[in-house]
Amino acid sequence: MANLLFPRGCAGCDKPDDVLCDACLASFDCELSQPLETAEMGRWFACGWYRGAARQSILAWKDHGDEECDRPFSDALCRLAERAGVIDAMDGVREICDTILVVPAPSSIASMRQRGRRHMMPLAKRLSAFLRCRTGFRVQVCDALTNKGIKGKSVETKGTEQRAQRLKGHVMVRPGVTLQNKAVILVDDIVTSGATMRRCVDALTSQGALVITVLALAHTPAGRPLAA
Ligand SMILES: [Zn+2]
């Protein structure tokens, strides 16, 4: 009924009556890939570039509460997993891992409060269900990582290396999470330089997890954030 009175527009281009129209959906079917030596597959993958309609719809979803995008974005991650060969890679770790965990990249506590939800969680759940269904393996969502955010001496810190070092200490595995004999697929929304993603992977492997790969919705061209 609400839709009859207030028809929504496409989150990417405002075309009426679609959560995400076919043309905008196509911007999530690019299958980008970059090296990630610390992952079992040796690469990480993204559905598309963070620009144009993809960027517009991710902003609507992430920062303006367009939760109806959960579904098309989850579906895009599932298609990416299939095309990138994640299902074959899962088969390869079957002998050494008892469970495969889908781990959402952590949001800072501040941004989580601002948004009122963990926006990656519904995507992680749907991807996990898809992979479980496709492989018959034990696949679960595990909120294994936490990001304490930037505190204290941030103003005094200068330089990229120092900044990276400071942030590194803040991505960590939650106390009580056991990662021995677990394989992990990390999922994230936007990957820029990949530095945060690498810290997440390092945190997981340091606790005994075997990271298969990372799947992201979008990758920023040239590894730089785009101005609004
Ligand atoms: Zn559209």
Side-chain angles (χ1 to χ4, degrees), residues 1-34 36 43-87 102-108 110-131 133-134 141 185-194 196-197 213-228:
M1 195 57 180
N3 281 349
L4 289 176
L5 296 173
F6 306 105
R8 61 159 298 144
C10 165
C13 70
D14 282 336
K15 183 182 150 186
D17 290 334
D18 260 322
V19 175
L20 210 54
C21 74
D22 288 345
C24 293
L25 263 179
S27 59
F28 290 96
D29 276 326
C30 302
E31 201 195 319
L32 311 176
S33 160
Q34 295 281 341
L36 180 63
R43 308 194 72 77
W44 67 272
F45 303 89
C47 298
W49 294 109
Y50 186 60
R51 65 183 175 201
R55 178 173 169 276
Q56 190 66 33
S57 56
I58 288 173
L59 286 173
W61 167 71
K62 188 175 171 177
D63 293 337
H64 301 286
D66 192 345
E67 296 184 16
E68 286 186 281
C69 288
D70 287 355
R71 186 65 181 258
F73 287 171
S74 304
D75 290 347
L77 280 182
C78 294
R79 289 195 298 276
L80 178 66
E82 180 121 57
R83 287 181 197 160
V86 173
I87 287 164
V102 176
V103 175
S107 305
S108 72
S111 65
M112 210 158 55
R113 283 205 186 113
Q114 205 174 1
R115 291 184 198 120
R117 69 169 191 150
R118 293 286 311 277
H119 63 290
M120 284 307 295
M121 212 33 118
L123 278 59
K125 283 180 184 161
R126 282 185 59 88
L127 178 67
S128 169
F130 170 79
L131 295 173
C133 182
R134 282 300 312 270
V141 174
I185 296 164
L186 182 71
V187 290
D188 204 352
D189 48 17
I190 306 153
V191 173
T192 300
S193 70
T196 307
M197 173 184 73
T213 190
V214 182
L215 301 177
L217 277 180
H219 180 31
T220 308
R224 282 190 293 271
L226 296 179

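Residue numbers count from 1 along this sequence. Read the numbers this way: they start at 1 and go in the same order the structure lists the ligands and their atoms. Computed from a prediction, not measured in an experiment: that's the story for all the values here. Excluded from the calculations below are hydrogen atoms, water molecules and symmetry mates; all remaining heavy atoms, backbone and side chain alike, are included.
Below the 2.8 Å limit, the Zn ion (ligand 1) has as protein N, O or S neighbours Cys10 SG, Cys13 SG, Cys21 SG, Cys24 SG.
Between atom CZ of residue Arg115 and atom NZ of residue Lys62 there is a gap of 5.0 Å, rounded to the nearest 0.5 Å. How far CE of Met120 is from OG of Ser107: 8.5 Å, rounded to the nearest 0.5 Å.
Annotation for Glu31 and Leu80: closest pair CG-CD1, 3.7 Å, computed over non-hydrogen atoms.
The closest side-chain heavy-atom distance from Trp49 to His219 is below 4.5 Å.
Using a cut-off of 4.0 Å between Lys/Arg side-chain N and Asp/Glu carboxylate O, Arg126 and Asp70 are scored as not salt-bridged.
When the shell of 6.0 Å around CZ of Arg117 is examined, it contains more than 12 heavy atoms from other residues, nucleotides or ligands.
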